[in-house]
Amino acid sequence: MIRRMKRTISAVALSASVLVLGGCTSTDSGPSDAELRETACESFAAVTPGFYESTAAVQTLADPSASTRDRTDAMNQQLDQMSGARLRTRPYDCDDPRDEKYFDDFYAGFLKDQQGEK
């Protein structure tokens, strides 16, 4: 009886060791770069249209070194957006060259957030 119990304990211990060691050598390094970019593109497209243009205009208005011309353009852009005259209706697209600057900034923050989750 004791002999049988020792065999069972040995078998369980061996099985546990195999499982633990097998789990420690996992090669799963997370999502690929393509998967990360695809997820980022989906998130980027969900941002309210006009958000990045508005943010850039506000940053220009807050910049003490911005020229009078840049400040005037930023103010006009904000007024046009608020009145609906130049309202952006199309969603952001990570593959659209017009949105490239905004996506680059978005993606850099996205990757930084991903690194923080690990």
Side-chain angles (χ1 to χ4, degrees):
M1 176 87 156
I2 292 179
R3 187 179 214 189
R4 188 173 186 175
M5 191 188 251
K6 284 183 179 180
R7 280 190 205 164
T8 304
I9 291 173
S10 296
V12 169
L14 180 62
S15 298
S17 297
V18 169
L19 290 174
V20 169
L21 292 175
C24 291
T25 60
S26 175
T27 58
D28 183 23
S29 62
S32 68
D33 289 343
E35 291 169 329
L36 281 174
R37 188 175 191 288
E38 182 179 339
T39 301
C41 284
E42 291 170 4
S43 297
F44 184 64
V47 174
T48 302
F51 173 79
Y52 292 109
E53 291 83 356
S54 182
T55 300
V58 169
Q59 287 174 344
T60 299
L61 292 170
D63 182 2
S65 65
S67 70
T68 303
R69 176 70 180 173
D70 289 342
R71 288 175 184 251
T72 302
D73 290 346
M75 181 59 76
N76 285 334
Q77 181 181 3
Q78 283 295 90
L79 291 171
D80 286 349
Q81 281 184 338
M82 291 171 65
S83 69
R86 278 196 323 187
L87 189 63
R88 179 186 176 126
T89 56
R90 68 179 177 82
Y92 291 104
D93 182 352
C94 63
D95 296 320
D96 190 329
R98 297 173 290 181
D99 295 334
E100 183 177 359
K101 172 180 69 170
Y102 301 126
F103 181 70
D104 289 346
D105 290 341
F106 177 86
Y107 193 55
F110 178 82
L111 290 176
K112 189 175 182 180
D113 289 345
Q114 292 296 312
Q115 291 296 324
E117 290 179 6
K118 288 184 178 179

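We number each residue from 1, following the sequence as shown.
The side-chain heavy atoms of Q78 and S54, taken from C-beta on, include a pair separated by under 4.5 Å. Using a 4.5 Å cut-off on side-chain heavy atoms (C-beta onward), Q115 and L111 make no contact.
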(message) Pair R90, D99 - check side chain to side chain contact (heavy atoms under 4.5 Å, CB included), show working.
(response) CA-CA 11 Å; R90 68 179 177 82; D99 295 334; 3.0 Å; yes
(request) For side chain to side chain contact (heavy atoms under 4.5 Å, CB included), just list the numbers for D96 and E100, CA-CA rounded to whole Å, side-chain angles, deciding distance to a tenth of an Å, and then say yes or no. (result) CA-CA 6 Å; D96 190 329; E100 183 177 359; over 6 Å; no
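The main-chain N or O of F51 is never found under 3.5 Å from a side-chain atom of T48 such that the two would form a donor-acceptor pair.
Within the structure, disulfide bond (SG atoms under 2.5 Å apart) contacts touching residues 30-93 (residues at least two apart or in different chains) are C41-C94. Within the structure, every pair that satisfies the salt bridge (Lys or Arg N to Asp or Glu O under 4.0 Å) test and touches residues 59-73, not counting sequence neighbours, is listed here: R69-D73. Pairs of residues two or more places apart, or lying in two chains, that qualify as salt bridge (Lys or Arg N to Asp or Glu O under 4.0 Å) and include a residue from residues 46-58 are E53-R88. Applying the ring-ring contact (aromatic ring centres under 6.0 Å, His included) test to pairs two or more places apart or on separate chains, none has a residue in residues 62-83. Annotation: ring-ring contact (aromatic ring centres under 6.0 Å, His included) contacts involving residues 69-98, sequence neighbours excluded, comprise F44-Y92, Y52-Y92.
Heavy-atom minimum distance, A45 versus P91: O-CB, 3.9 Å. Listed here is the closest heavy atom pair of A74 and A57: CB-O, 3.6 Å. Minimum heavy-atom separation, L36 to P31: CD2-CG, 3.9 Å.
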Using distance only, find each side-chain donor-acceptor pair of residues 101-109 under 3.5 Å and give its atom names and separation, not counting sequence neighbours.
none

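The side chain to side chain contact (heavy atoms under 4.5 Å, CB included) test applied to E42 returns E38, not counting sequence neighbours. With sequence neighbours left out, the side chain to side chain contact (heavy atoms under 4.5 Å, CB included) criterion links T39 to F110. Considering only residues two or more places apart in sequence or on other chains, M82 meets the side chain to side chain contact (heavy atoms under 4.5 Å, CB included) condition with none of them. By the side chain to side chain contact (heavy atoms under 4.5 Å, CB included) test, A85 pairs with D80, S83, sequence neighbours left out.
Under a 4.0 Å N-O distance rule, the pair D93/R98 does not qualify as a salt bridge.
Grouped by direct or indirect side-chain proximity (heavy atoms under 4.5 Å, Ile/Leu/Val/Met/Phe/Trp/Tyr only), M75 sits with L61, L79. Counting side-chain heavy-atom gaps under 4.5 Å among Ile, Leu, Val, Met, Phe, Trp and Tyr, V58 is found in no cluster with other residues.
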